[in-house]
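Just so we're clear, the structure is a prediction, and the values are computed from it rather than from any experiment. Note: hydrogens, waters and symmetry copies are ignored here, and every other heavy atom, side chains too, is used.
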Amino acid sequence: MTRGLSTLAVELFDAGAVRLGDIEAKLGRHTPIYFDLRVIVSHPRMMNAVSQQLLTLASNIEHDILCGVPYAALPFAAVMSVTGNTPMIMKRKETKLYATKKIIEGVYNRHQKCLVVEDVVTSGGSLLETVSTLRNEGLSVDHAVVVLDREQGGASVLKANGVNVHALFTMTDLVTILRNAERINDETVEIVSDHIKECQFGLKEPLQRITGDENGP
Ligand SMILES: O=c1ccn([C@@H]2O[C@H](COP(=O)(O)O)[C@@H](O)[C@H]2O)c(=O)[nH]1
C-alpha cells in the first residue's frame, strides 16, 4: 500500500465516503460499513486522484476501450478515458426504449478488449451484469479495475467467470488505514471484520450468500 493510497483513503473518509452504523445496502441487505463513492463528484481533486490510481492499475492491463459500471463508476471511467486518451463506452441500466434502442452508448468493434471500471465489489453481481452485456456485444472482457474489494467473495465469483479483479483497496486495507489514522476505533474494526467473515457470497447461480444471515451487504 503506497502512502498516496493511504492518504487518499483518509481524505475519502473525511469527505463522508465511509458510512458507519446499521446501513441498508443493495437489495435490503444490512452492513456496518458502506463505502459511498458517489460523494466524490463534489470533490474534483479527489475524483482525479482516485482516477489516476485506477489508471496506474490499468497501465499493466492490455485494453482498447473502457466501460464504467453504472452509475457510481461512470465519472471515474470518464476521467480515465480523457486522461489516458482511451475511448470509453457506457452501458445503460436498461435498453433505451426509443430512437436508437441501445444498451451500450458509444462506438466499439467486436473483439476489442474492454476494461471494466467499478467502484465497489461485494457479491460481484453488478460487475458481472455489465460484463455479460459487453460480452453479448462481442467485446472481450477479462479484467476489471475497482476502487474497493469488500472481500465478500465477489472477486472469486468474477474470477470463476473469467474476470480478474484489480482493486485499489481491500476492506482489510481500508479499515487498517482508517484505524491507524485514528478515524475509527478497534471496536469498529472488529465489527467490520466479523461482518465480512459472516457475509460471504458464493459461486452458485444465481449469486447466493454462502454464510451469515439474509442481511449481508
Ligand atoms: O459499500 C458498498 C457496497 C456496495 N455498493 C454498490 O453495490 C454494488 C456492488 O455490489 P455487488 O453485490 O458486487 O453487485 C456497486 O455497484 C456499488 O455501487 C457501494 O456503493 N458501496
Side-chain angles (χ1 to χ4, degrees), residues 2 4-5 7-9 11-12 15 17 26 35-96 99-122 124-150 154-155 158-159 161-170 173-174:
T2 65
L5 271 176
T7 305
L8 189 53
E11 287 175 350
L12 285 166
K26 197 176 158 188
F35 196 49
D36 184 16
L37 270 170
R38 292 154 195 85
V39 299
I40 213 167
V41 292
S42 306
H43 301 275
R45 195 190 57 75
M46 261 188 274
M47 165 99 82
N48 195 41
V50 172
S51 305
Q52 294 308 321
Q53 294 284 356
L54 290 171
L55 266 178
T56 303
L57 282 184
S59 65
N60 297 317
I61 303 163
E62 202 189 325
H63 61 284
D64 309 304
I65 201 158
L66 295 165
C67 180
V69 177
Y71 294 105
L74 294 182
F76 300 119
V79 175
M80 289 169 72
S81 168
V82 172
T83 313
N85 195 25
T86 305
M88 169 185 167
I89 48 178
M90 287 195 303
K91 182 206 165 265
R92 302 177 63 91
K93 278 229 175 195
E94 299 93 17
T95 304
K96 192 174 162 94
T100 58
K101 301 197 173 161
K102 285 180 174 175
I103 184 79
I104 296 178
E105 305 287 0
V107 179
Y108 57 92
N109 297 315
R110 291 177 72 80
H111 309 304
Q112 273 188 313
K113 289 185 197 314
C114 182
L115 177 62
V116 180
V117 182
E118 172 65 305
D119 60 341
V120 180
V121 169
T122 308
S126 310
L127 213 157
L128 206 50
E129 194 186 316
T130 293
V131 168
S132 158
T133 304
L134 296 170
R135 285 179 175 162
N136 284 343
E137 294 291 312
L139 288 152
S140 162
V141 190
D142 300 328
H143 298 275
V145 290
V146 312
V147 180
L148 175 69
D149 171 7
R150 291 184 53 115
L158 286 155
K159 178 87 186 158
N161 282 279
V163 184
N164 294 293
V165 172
H166 309 262
L168 291 183
F169 306 100
T170 61
D173 294 333
L174 186 66

Which distance, rounded to the nearest 0.5 Å, do you find between the CZ of R135 and the OG of S132? 8.5 Å
Listed partners of A155 passing side chain to side chain contact (heavy atoms under 4.5 Å, CB included), at least two apart: D149, V165
State which residue, out of V145, L115, V146, fulfils the side-chain contact (heavy atoms from CB on, under 4.5 Å) condition with H166. V145
From L8 CG over to F169 CZ, what is the distance, rounded to the nearest 0.5 angstrom? 5.0 Å
Taking all heavy atoms of V107 and all of I65, pick out the closest pair and write down the distance. O-CD1, 3.5 Å
Counting N and O atoms only, with roles assigned by atom type, does the side chain of S51 sit under 3.5 Å from a partner on the main chain of M47, one being a donor and the other an acceptor? yes
Please test L37 against L12 for side-chain contact (heavy atoms from CB on, under 4.5 Å), starting from the C-alpha separation and ending with a verdict. CA-CA 8 Å; L37 270 170; L12 285 166; 3.9 Å; yes
Heavy atoms, side chains only, cut-off 4.5 Å: are F35 and V147 in contact? yes
Which heavy atom in D64 sits nearest to a heavy atom in K113, and how many Å separate them? OD2-N, 2.5 Å
Sequence neighbours excluded, the answer for ring-ring contact (aromatic ring centres under 6.0 Å, His included) partners of H43 is none
Sorted by chain and residue number, the side-chain hydrogen bond (donor to acceptor under 3.5 Å, both in side chains) partners of N48 (sequence neighbours excluded) come out as Q52
Has N136 got more than 12 heavy atoms of other residues, nucleotides or ligands less than 6.0 Å from its CG? yes
Could you measure the distance from the OG atom of S81 to the CE atom of M90? Nearest 0.5 Å is fine. 10.5 Å
Which heavy atom of I61 sits nearest a heavy atom of L57, and at what distance? CD1-O, 3.7 Å
Evaluate the side-chain proximity of P87 to Q112: yes if any heavy-atom separation is below 4.5 Å, no if none is. no
For D173, give me all partners under salt bridge (charged side-chain N to carboxylate O under 4.0 Å, His left out), at least two apart in sequence or on another chain. none
The reported gap from CG in L158 to NE2 in H143 (rounded to nearest 0.5 angstrom) is 12.5 Å
How far apart are the closest heavy atoms of D142 and S140, and which atoms are they? OD2-OG, 3.9 Å
Decide yes or no on side-chain contact (heavy atoms from CB on, under 4.5 Å) for R38 and Y71, but give the supporting numbers first. CA-CA 9 Å; R38 292 154 195 85; Y71 294 105; over 6 Å; no
So, D119 side chain and A73 main chain: donor-acceptor pair closer than 3.5 Å or not? no
Can you tell me how far CD1 of I104 sits from SG of C67, rounded to the nearest 0.5 angstrom? 6.5 Å
List the steps, then state whether side-chain contact (heavy atoms from CB on, under 4.5 Å) holds for N161 with V131. CA-CA 9 Å; N161 282 279; V131 168; over 6 Å; no
Note: L134 and C114 closest approach over all heavy atoms is CD1-SG, 3.9 Å
Value for CD1 (I103) from CD1 (I89), rounded to nearest 0.5 Å, stands at 11.5 Å
side-chain hydrogen bond (donor to acceptor under 3.5 Å, both in side chains) involving N164 - partner list, sequence neighbours excluded: K159
Compare every heavy atom of V41 with every heavy atom of P75, then report the nearest pair and how far apart it is. CG-CG1, 4.0 Å
List for me each residue that meets side-chain hydrogen bond (donor to acceptor under 3.5 Å, both in side chains) alongside H63, sequence neighbours excluded, and say none if there are none. none
Side-chain (R92) to main-chain (E105) donor-acceptor, under 3.5 angstrom: no
What verdict does the side-chain contact (heavy atoms from CB on, under 4.5 Å) test give for M80 and M88, after you've listed the backbone C-alpha separation in whole Å, the side-chain angles of each residue and the deciding distance to 0.1 Å? CA-CA 9 Å; M80 289 169 72; M88 169 185 167; over 6 Å; no
